[in-house]
Q: 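Before we start, here is the structure in question, set down as structure tokens.
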Amino acid sequence: MADRRRINGPASGTAIPIFTPSIAGAHTLQRTRKPNQLRKIYLQPGVVPTASGSAYLELESLYHPSSFLNAVPSSLKLSCVIHGPKPLPRNANFSSNLQLTINIKFAPFATRQRRGYIRDVTERDIGTHVGTALCGVIIPDRWPKSAIDIIITILEAEDDVQWGSGTQQQNTVGGLGNMNVVSGCITVASAALMDAKIDCLDLVTGGVAAVVPKDDGKFVHHLDPSVIEEPFLNSLCVVGYMPARDEMTLVWTRGNIPSYSDGQMCRFDSLLDSAVNAAKGAHVVLRQVATELAQAESTRLIIDESKT
Amino acid sequence: MAKVLPGDVVGSTTTHLAGPGTHVHDSKICASIIGSVSTVSASSKSGKPTLSIPRLPSRSSSQPLKLNTLPALNSTVLCRITRVQQRQASASILLVDASPTTLLPASLTHLTSTTASSEDIYFSAVLRREDVRLTEKDKIVMNESFRVGDIVRATVISLGDEKNYYISTGGNEFGVVIARSEEGNAMVPASWKEMKDAVTGRVELRKVAKPVFQYGMLRVRSGARQPATKPTEPVPRWLATIHRLPESRQLRSPTMDEVISPSEQSALQSRQREAACLRHRDAGIFLLAHTAPLHPQSVPMRKRYST
């Protein structure tokens, strides 16, 4: 009965930390950034030399000094690797387009609650959303009879709901952590596609926006929300956006659109606009990274470019 | 040159044609990959120049190249034979459109390794019996043309179905480039249908490719007692070595003709000279002689010599 395929921990078991769902007098943190200020992004392409393309993304971790258990700063750490274009598997049908396979996996240590080794429903769901975003930007007919594998490993993810705020969970919509993950995956996959020199229409980036109720009954849009700072959320939206064509490749929304008392324009549109603005901010970073990559390439080339 | 990113506008369809690495959107030519734009002038007087973004290797020279080149129609490919049957031979495509820019000495070793070509890394190709030669197609015996493990230069004649490309070795310049004899020694070409074991001299039957150099050519006048160069010039060390080869290693045959111009000898380094003299201890050097005899940095690129 002993499991010989894995290196197991001690048979007697270990004492794992259990996070209490609610703490009396929990200190809820407030957003200190401006509503349209994004968290700083670290993006580095070409981190895996043996792959066709790769990239690593990390978001700034918002450090809040606190003595409470729940105020652990969480940031996003993603690693993306692209293999291909390579031949289709033996049993696949002929296709004149490039076949895309997206594989998203949370590392077991990525979230507060330890995840399993086998892909579960959440990962498949996130994979579907990221696949939708990338299918809209890749030009597939340049690569007939080929397939690429995009493998994204989430080394550290964000929480879905704010821990330690058990009683307040009813006033908020969950899933912000997954949406931030989707947005980060789109950006990091875009950087890896650029590194792998796969034909794309544009550099697509992800952006998240949330509708947050203010004290005076009005609502405000927060770009790049983090669940650690947002105890109350009305609705969320993540988009994959291409600035050159001003087109979206992915739209995913959650929650209810509130009815404004002063009769302004349709709320869904403005929520999408906010998410697009968040994506534009990430695109600025991606463009900078791409330009640096291009400069580094030109100094490493063997043959002088003027002869090509 | 300025670098462009995917989505940047590089031209207009009214003045230019869209080449590889670009796409067209609303009569604007936009970049699809990261790189610099190159302009190829029009082939005819009334045509438009073509804007393209070439895919250049992005890794440093010490690592194996990662060029995403797909086999296209009429492209020259280097393949390794994986299976020989009565009516066809199966091969794995290793390199597409190999040229000195893609072949560097450091990256050649993986081609001559004896590990089997993995199905999911290399594209599969099929070489039918009737595509092996251009003449006397009914008399072809596959086992006398190819053996498993041979490196073959071929051209793609069809994109085929989901499993295989279709390749052909019809033509003088196509056929076996590197082969090992049954004893395991490297073999040198003796004629269009024979290869000789470099150590024992035994002849084995293959459909051999004519060594054609794209960038500079090499003349080997074996058996002659006089050096090929003028008396005033010193005899290059590699050329003097040729004449000391034993009879069994003679490379001269009516069907093979390779020429080097004396002006290029001064540019060669000694290592490349040894490679160019076709000493076939290492089959990898032989491949160098066929496709990239000269280090790209030491010799400027020349136009292809027509044979």
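So that the names make sense, note that chain A is the first sequence line, chain B the second, and so on, each numbered from 1. We use all heavy atoms of the structure for the numbers below, so side chains are in, but hydrogens, waters and symmetry mates are not.
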Q: What's the spacing between B/Ile34 CD1 and A/Met194 CE if we round to 0.5 Å?
A: 4.5 Å

Q: Going by an N to O cut-off under 4.0 Å, is there a salt bridge joining B/Asp8 and A/Arg287?
A: yes

Q: Any heavy-atom pair between the side chains of A/Leu201 and B/His23 that's under 4.5 Å?
A: yes

Q: Take a 6.0 Å sphere around CG of B/Leu73 and say whether it holds more than 12 heavy atoms from other residues, nucleotides or ligands.
A: yes

Q: As an exercise, state the distance from CG of B/Leu70 to OG of A/Ser146, rounded to the nearest 0.5 Å.
A: 4.5 Å

Q: Check each atom of A/Ser95 against the heavy atoms of chain B and say whether the ones under 4.5 Å are side chain, backbone, both or neither.
A: neither

Q: Using non-hydrogen atoms only, which part of A/Pro144 is less than 4.5 Å away from chain B: side chain, backbone, both, or neither?
A: both

Q: Would you give the length of the straight line joining atom CG of A/Leu193 to atom CD1 of B/Ile33, rounded to the nearest 0.5 angstrom?
A: 12.5 Å

Q: Would you compute the distance between atom OG of B/Ser32 and atom CD1 of A/Ile198 and round it to the nearest 0.5 angstrom?
A: 11.5 Å

Q: Within a radius of less than 6.0 Å around CZ of B/Arg83, do more than 12 heavy atoms belonging to other residues, nucleotides or ligands occur?
A: no

Q: Need one label for A/Leu203: side chain, backbone, both or neither, based on atoms under 4.5 Å from any heavy atom in chain B.
A: both

Q: Give the minimum heavy-atom separation between B/Gly7 and A/Ala244, together with the two atoms involved.
A: O-CB, 3.7 Å

Q: Got more than 12 heavy atoms from elsewhere within 6.0 Å of CG, A/Asp141?
A: yes

Q: Determine yes or no for a side-chain-to-main-chain donor-acceptor pair under 3.5 angstrom, with A/Lys145 supplying the side chain and B/Leu159 the backbone.
A: yes

Q: Please state whether the side chain, the backbone, both or neither of B/Leu5 comes within less than 4.5 Å of a heavy atom of chain A.
A: side chain

Q: Highest number of heavy-atom pairs under 4.5 Å with chain B: which of A/Met242, A/Arg245, A/Gln295?
A: A/Arg245

Q: Under 4.5 Å heavy-atom distance to chain B, tell me which part of A/Asn93 shows up: side chain, backbone, both or neither.
A: backbone

Q: Give, for atom CD of A/Glu292 and atom NZ of B/Lys3, the distance between the pair rounded to the nearest 0.5 Å.
A: 14.0 Å

Q: Between A/Ala294 and chain B, which part of the residue has a heavy atom less than 4.5 Å away: side chain, backbone, both or neither?
A: both

